[in-house]
Student: 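What follows is a single structure, and I will ask about it in a moment.
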Amino acid sequence: MKHLLDTVTGRRRVLAVGLLCAGLVLLVIWSLRQPVPPPEVVEPLPDFKQFEDVQAMKAAFFEYLQPMVERQNAVIAAQRQRLQELAASYADDKQMSSSEAQALQELSEQYRVDTDLSPARQLEALLLRVDTIPLELALVQAAKESGWGRSRFALTGNNLFGQWCYEPGCGVVPAKRKKGAKHELKSFATVEDAIADYLLNLNSHPRYKPMRAIRAKLRQQNAAVNGLALADGLLHYSERRHAYVTELKSMIRQYRRFALSLQAAQEH
């Protein structure tokens, strides 16, 4: 009788461990497929035109955007970590469950990776795309593209990065749009939606493949991924090409000095 009870207890333990492991696997898959969680409080775009002091306006602009950029980057970092775990697991046994394959397909569709590729190739392509964007680059591009949050597209559509869309009514029609052009400046429900779209755009659009290559090389070298380096890969973000990149890098240097001066002031 005791032997029978021990056998039943042992089987229950094995079953419990099995269910726990299965639950953990499903949790990882579920987290890979989840949309970006909304912030607890949606803060509307402040009126930056009210600032008379330019330095105060810049400080308020950066302070407003920073937590949202960091939150969206944290989501991407978590996705990347789980992708790395999935890639390592797949490399060991070359097998993938149906749920894992579905999660992989959805991420590939989100990041514009060809779903006809083998799982190994999809994972390889995704790991080049699912990665964070330096805070300094995001903040400076938002400032440049939106006139420090004061442009018509920022005020009416929360568009801080100049994203385009092509469906009629999807955004705001540019005042100087060329005859025959169909694009509009995309409108977003919140500023954080615009930030998420901007990060996805840099991580998935073919035009920004050079930026992603620079980032991947820095990763391989265990070097810091920074805005100045990645800006060189954004030649096609603007029709002004090299002039745009030069101005962007100048603004990043100014941002660094500005951030240091704010930090020094706070320490005193």
Student: Would a hydrophobic clustering, with Ile, Leu, Val, Met, Phe, Trp and Tyr connected at side-chain separations under 4.5 Å, put Phe188 with Val69?
Tutor: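 As far as the 4.5 Å side-chain criterion goes, Val69 and Phe188 are not connected within one cluster.
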Student: Is there a donor in the side chain of Gln102 and an acceptor in the side chain of Glu106, or the other way round, less than 3.5 Å apart?
Tutor: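 There is such a pair (donor and acceptor under 3.5 Å, judged by atom type) between the side chains of Gln102 and Glu106.
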Student: Which residue pairs pass the side chain to side chain donor-acceptor pair (under 3.5 Å) test with at least one member in residues 114-128, sequence neighbours excluded?
Tutor: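 Qualifying pairs: Ser108-Gln122.
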Student: Enumerate the salt bridge (Lys or Arg N to Asp or Glu O under 4.0 Å) contacts for residues 154-171, please, sequence neighbours excluded, ordered by first and then second residue.
Tutor: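 Qualifying pairs, neighbours excluded: none.
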Student: Apart from Leu235 itself, which Ile, Leu, Val, Met, Phe, Trp or Tyr residues share its cluster (side-chain heavy atoms under 4.5 Å, direct or through members)?
Tutor: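 Reading the cluster by chain and number, Leu235 sits alongside Val245.
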Student: Which residues satisfy the side-chain hydrogen bond (donor to acceptor under 3.5 Å, both in side chains) test with Thr190, sequence neighbours excluded?
Tutor: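 Partners of Thr190 under the side-chain hydrogen bond (donor to acceptor under 3.5 Å, both in side chains) test: Asp193.
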Student: Would you mind listing the cluster partners of Leu185? Hydrophobic ones only (ILVMFWY), side-chain contacts under 4.5 Å, chaining allowed.
Tutor: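 Taking Ile, Leu, Val, Met, Phe, Trp and Tyr as members, Leu185 shares its hydrophobic cluster with Phe153, Trp164, Tyr166, Val172.
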Student: Just checking, any donor-acceptor pair under 3.5 angstrom between side chains of Asn203 and Arg215?
Tutor: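 Yes, because at least one side-chain N or O of Asn203 sits under 3.5 Å from a partner of the opposite role on Arg215.
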Student: Less than 3.5 Å apart, any donor N or O on the side chain of Glu100 or Tyr90 sitting next to an acceptor on the other?
Tutor: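 Absent: no donor and acceptor within the cut-off.
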Student: Which residue pairs satisfy the salt bridge (Lys or Arg N to Asp or Glu O under 4.0 Å) criterion with at least one member in residues 137-159, sequence neighbours excluded?
Tutor: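 Every salt bridge (Lys or Arg N to Asp or Glu O under 4.0 Å) pair that includes a residue of residues 137-159, provided the two are not neighbours, is Lys144-Glu247.
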Student: Extract all donor-acceptor atom pairs below 3.5 Å that involve side chains of residues 127-140 and protein atoms in other chains or at least two apart in sequence.
Tutor:
from: Arg129; atom 1: NH1; to: Tyr111; atom 2: O; distance (Å): 2.8
from: Arg129; atom 1: NH1; to: Arg112; atom 2: O; distance (Å): 3.1
from: Arg129; atom 1: NH1; to: Ser204; atom 2: O; distance (Å): 3.1
from: Asp131; atom 1: OD1; to: Arg219; atom 2: NH2; distance (Å): 2.8
from: Asp131; atom 1: OD2; to: Arg219; atom 2: NE; distance (Å): 2.9
from: Asp131; atom 1: OD2; to: Arg219; atom 2: NH2; distance (Å): 3.4
from: Glu136; atom 1: OE1; to: Arg256; atom 2: NE; distance (Å): 2.9
from: Glu136; atom 1: OE2; to: Gly227; atom 2: N; distance (Å): 2.7
from: Glu136; atom 1: OE2; to: Arg256; atom 2: NH2; distance (Å): 2.8

Student: For residues 206-214, dump all side-chain donor-acceptor pairs below 3.5 Å to protein atoms at least two apart in sequence or in another chain.
Tutor:
from: Arg212; atom 1: NH1; to: Leu202; atom 2: O; distance (Å): 2.9
from: Arg212; atom 1: NH1; to: His205; atom 2: O; distance (Å): 2.9
from: Arg212; atom 1: NH2; to: His205; atom 2: O; distance (Å): 3.1

Student: Tyr237 vs Tyr244 aromatic rings, parallel, tilted or perpendicular, using cut-offs 30° and 60°?
Tutor: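 Because their plane-to-plane angle is under 30°, the rings of Tyr237 and Tyr244 count as parallel.
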Student: Do the side chain of Ser89 and the main chain of Glu85 share a donor and acceptor less than 3.5 angstrom apart?
Tutor: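 Side chain of Ser89 to backbone of Glu85, a donor-acceptor pair under 3.5 Å: no, none is there.
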Student: Please enumerate all residues that pass side-chain hydrogen bond (donor to acceptor under 3.5 Å, both in side chains) together with Glu63, with sequence neighbours excluded.
Tutor: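 Glu63: no side-chain hydrogen bond (donor to acceptor under 3.5 Å, both in side chains) contacts found.
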Student: Please identify each residue that fulfils side-chain hydrogen bond (donor to acceptor under 3.5 Å, both in side chains) with Glu52, with sequence neighbours left out.
Tutor: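 Here no residue qualifies.
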Student: With sequence neighbours excluded, tell me which residues meet salt bridge (charged side-chain N to carboxylate O under 4.0 Å, His left out) with Lys186.
Tutor: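 Lys186: salt bridge (charged side-chain N to carboxylate O under 4.0 Å, His left out) contacts with Asp197.
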Student: Please list all pairs meeting ring pair (Phe, Tyr, Trp, His ring centres under 6.0 Å) that have one or both residues in residues 117-152, counting only residues at least two apart or in different chains.
Tutor: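 Pairs touching residues 117-152 that pass the test: Phe61-Trp148, Phe62-Trp148.
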Student: Indicate, with yes or no, if Leu155 and Val173 share a hydrophobic cluster defined by side-chain heavy-atom contacts under 4.5 Å among Ile, Leu, Val, Met, Phe, Trp and Tyr.
Tutor: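 Cluster IDs for Val173 and Leu155 differ.
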